[in-house]
Amino acid sequence: MRIDLLTLFPEMCETVMAESIIGRARRKGAVQVCCHQIRNYAFDKHQRVDDSPFGGGMGMLMMAEPIALCMDDLIAHLGYKPHTIYLSPQGKTLTQKRVQELSKMDGLVLLCGHYEGIDERVLEAYVDEEISIGDYVVTGGELPALILADAVCRMLPGVLADDECFQLESHYHSLLEYPQYTRPAVWRGREVPQVLLSGHHENVNKWRREQSLLVTARKRPELLASAELTEQDRLFLSQHGFEVPNK
C-alpha cells in the first residue's frame, strides 16, 4: 500500500512515520509513505497558501489552487487518483471497522488542513470522504492524519510480526482487550491471576475471553451491541449483572 500525506508540515509527518514499527515496515517495503509540501505549489516567493474568507470572519483559509496543483501532480505521477480523505472534525468518527476497510485499498491520500480549514471547492473536486478522530478540534490535520496512517499501516501484511497482534486487541471484534501482566508474578503485593501461570492454554483462553467481555461491559458497554457474542458469552455477562443489548 502507498499512503500520501498532503501537508504544510511534511517534516513533522516524516519524523513520526519513520520511527518504531511503521518505520521498520517502510524500510522493509511493507508499506510506502510519502509526504508532500503543499507550499511548493504556492504562487509567490513567500509560498503563501492562505487567504481571508469571503464574507468575513475570523482566521484564514487554505486556498484551493495550491492543494489542487499538489493533487494533480500526484495523480499524474501515479497514473490514477487514490481514495482521498480530508481529516476534519466534520467527518465521520474513525472506527476500527473503517480502518480495516481502508487497509484493503491500494492507496490513500490524506489531506491535512490548517488555519480555519480549506476552500470548499477543492474538497468538492478531490475529496472522497471526511474523517474525524473525535469530537474535538486540534490545530491542524497532521496529527489526525498520522493516527489514521498508523492505524491503517499496522493492519497491512508484514507490518506486525503476526496477524494475531491486531486480531486479539481492543476494537478488532468490537470488544476491548483483556488485562495483561508480565514479570514479576507478584508486584508490590499484587499477584498475577493464577490461571495465567498454569500453562493450561484452554483455561487461559477462556479467562481472556471472559475478561474481555467484562472489561467491555464495564468501560464501553455500547460496544457489546456490535460484538459477535455466543450464548455462553451472554450467559456469562448476565451472571455478572450485565444486560446484553440485542442487535
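The figures that follow rest on heavy atoms only: side chains count, while hydrogens, waters and symmetry mates do not.
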> Would Glu101 and Lys97 pass as an ion pair if we require N to O under 4.0 Å?
Replying inline: yes

> Would you say the side chain of Ser88 lies within less than 4.5 Å of the side chain of Ile131, judging by non-hydrogen atoms?
Replying inline: no

> Is Leu6 close to Leu74 at the side-chain level, that is, under 4.5 Å between some pair of heavy atoms?
Replying inline: yes

Under 3.5 Å, which donor-acceptor pairs link side chains of residues 54-73 to any protein atom two or more places apart or in another chain?
unit_1 : atom_1 : unit_2 : atom_2 : d
Asp72  : OD1    : Tyr126 : OH     : 2.6
Asp72  : OD2    : Tyr126 : OH     : 3.3
Asp73  : OD2    : Tyr41  : OH     : 2.5

> Out of curiosity, does Val16 fall in the hydrophobic cluster containing Leu160 (side-chain heavy atoms, cut-off under 4.5 Å, transitive links)?
Replying inline: yes

> Between Ile147 and Tyr136, is there a shared hydrophobic cluster once you connect ILVMFWY residues whose side-chain heavy atoms come closer than 4.5 Å?
Replying inline: yes

If you look only at distance, which donor and acceptor atoms sit under 3.5 Å apart when one is on a side chain in residues 105-114 and the other is two or more places apart or in another chain?
unit_1 : atom_1 : unit_2 : atom_2 : d
His114 : ND1    : Thr139 : O      : 3.4
His114 : NE2    : Glu142 : OE1    : 3.2

> Does the pair Ile118 and Tyr86 meet the rule for a side-chain contact (heavy atoms from CB on, under 4.5 Å), with working shown?
Replying inline: CA-CA 10 Å; Ile118 289 176; Tyr86 174 46; 3.4 Å; yes

> Do Glu243 and Arg234 meet the salt-bridge criterion of a basic N to acidic O distance under 4.0 Å?
Replying inline: no

>> Looking at every non-hydrogen atom in both residues, tell me the closest pair between Trp207 and Pro193 and how far apart they are.
In response: CZ2-CG, 3.7 Å

> Closest heavy-atom contact between Asp128 and Pro82?
Replying inline: OD2-O, 3.8 Å

> Going through the checks in order, is the side-chain contact (heavy atoms from CB on, under 4.5 Å) test met by Glu130 and Leu123?
Replying inline: CA-CA 9 Å; Glu130 297 185 25; Leu123 301 182; 4.2 Å; yes

>> Assess the residue pair His240 and Ser238 against the criterion (side-chain contact (heavy atoms from CB on, under 4.5 Å)); give the C-alpha distance rounded to whole Å, side-chain angles, the decisive distance to 0.1 Å, and a yes or no.
In response: CA-CA 5 Å; His240 284 77; Ser238 177; over 6 Å; no

>> How close do Arg48 and Asp51 get, counting heavy atoms only, and between which atoms?
In response: NH2-OD1, 3.6 Å

> With the threshold set at 4.0 Å, does a side-chain nitrogen-carboxylate oxygen contact exist between Arg208 and Glu210?
Replying inline: no

> If you round to the nearest 0.5 Å, how far is CD1 of Ile3 from NE2 of His83?
Replying inline: 12.0 Å

>> Is the shortest side-chain heavy-atom distance between Leu94 and Ser132 below 4.5 Å?
In response: no

>> Is it the case that atom CD in Glu202 sees more than 12 heavy atoms from other parts of the structure closer than 6.0 Å?
In response: no

> Do you know the tightest heavy-atom contact between Cys35 and Pro10?
Replying inline: CB-CB, 3.9 Å

>> Please check if the number of heavy atoms outside Gln239 that lie under 6.0 Å from its CD is greater than 12.
In response: yes

> Would a hydrophobic clustering, with Ile, Leu, Val, Met, Phe, Trp and Tyr connected at side-chain separations under 4.5 Å, put Tyr181 with Val195?
Replying inline: yes

>> Any heavy-atom pair between the side chains of Ile133 and Leu148 that's under 4.5 Å?
In response: no

> Yes or no on side-chain contact (heavy atoms from CB on, under 4.5 Å) for Tyr80 and Ile75, after CA distance, side-chain angles and deciding distance?
Replying inline: CA-CA 5 Å; Tyr80 71 99; Ile75 292 169; over 6 Å; no

>> For Lys81, is the NZ atom crowded, meaning more than 12 foreign heavy atoms sit under 6.0 Å from it?
In response: yes

> Looking at Arg26 and Glu14, does any basic side-chain N land under 4.0 Å from a carboxylate oxygen?
Replying inline: yes

> Could you state the interatomic distance from OG1 (Thr95) to CZ (Arg98), rounded to the nearest 0.5 Å?
Replying inline: 8.0 Å

>> Looking at every non-hydrogen atom in both residues, tell me the closest pair between Leu229 and Leu224 and how far apart they are.
In response: CD1-O, 4.0 Å

> Are Trp187 and Val192 co-members of a hydrophobic cluster defined by side-chain heavy atoms under 4.5 Å apart?
Replying inline: no

>> Count I, L, V, M, F, W, Y as connected when their side-chain heavy atoms are under 4.5 Å apart, and connections chain through other members. Are Val244 and Leu213 then in the same cluster?
In response: yes

> Would Lys219 and Thr216 satisfy side chain to side chain donor-acceptor pair (under 3.5 Å), going step by step from the backbone distance to the final call?
Replying inline: CA-CA 5 Å; Lys219 296 182 178 181; Thr216 306; over 6 Å; no

>> Can you confirm whether Phe236 sits close enough to Arg209 that some side-chain heavy atom of one is under 4.5 Å from a side-chain heavy atom of the other?
In response: no

> What distance separates Gln47 CD from Ile38 CD1, expressed to the nearest 0.5 Å?
Replying inline: 12.0 Å

> Would a 4.5 Å heavy-atom cut-off, applied to side chains only, mark Asp4 and His36 as touching?
Replying inline: yes

> Rounded to the nearest 0.5 Å, how far does CD of Gln37 lie from SG of Cys13?
Replying inline: 10.0 Å

> Quick one: are Glu228 and Ser174 in side-chain contact, heavy atoms under 4.5 Å?
Replying inline: no

> Can you name the nearest heavy-atom pair linking Leu175 to Ser212, along with the distance?
Replying inline: CB-OG, 3.6 Å

> Are any of the side-chain heavy atoms of Glu129 and Leu102 separated by less than 4.5 Å?
Replying inline: yes

> How long is the gap from CD on Glu11 to OG1 on Thr15, to the nearest 0.5 Å?
Replying inline: 7.5 Å

> How many angstroms lie between atom CE of Met155 and atom CE of Met1, to the nearest 0.5 angstrom?
Replying inline: 11.0 Å

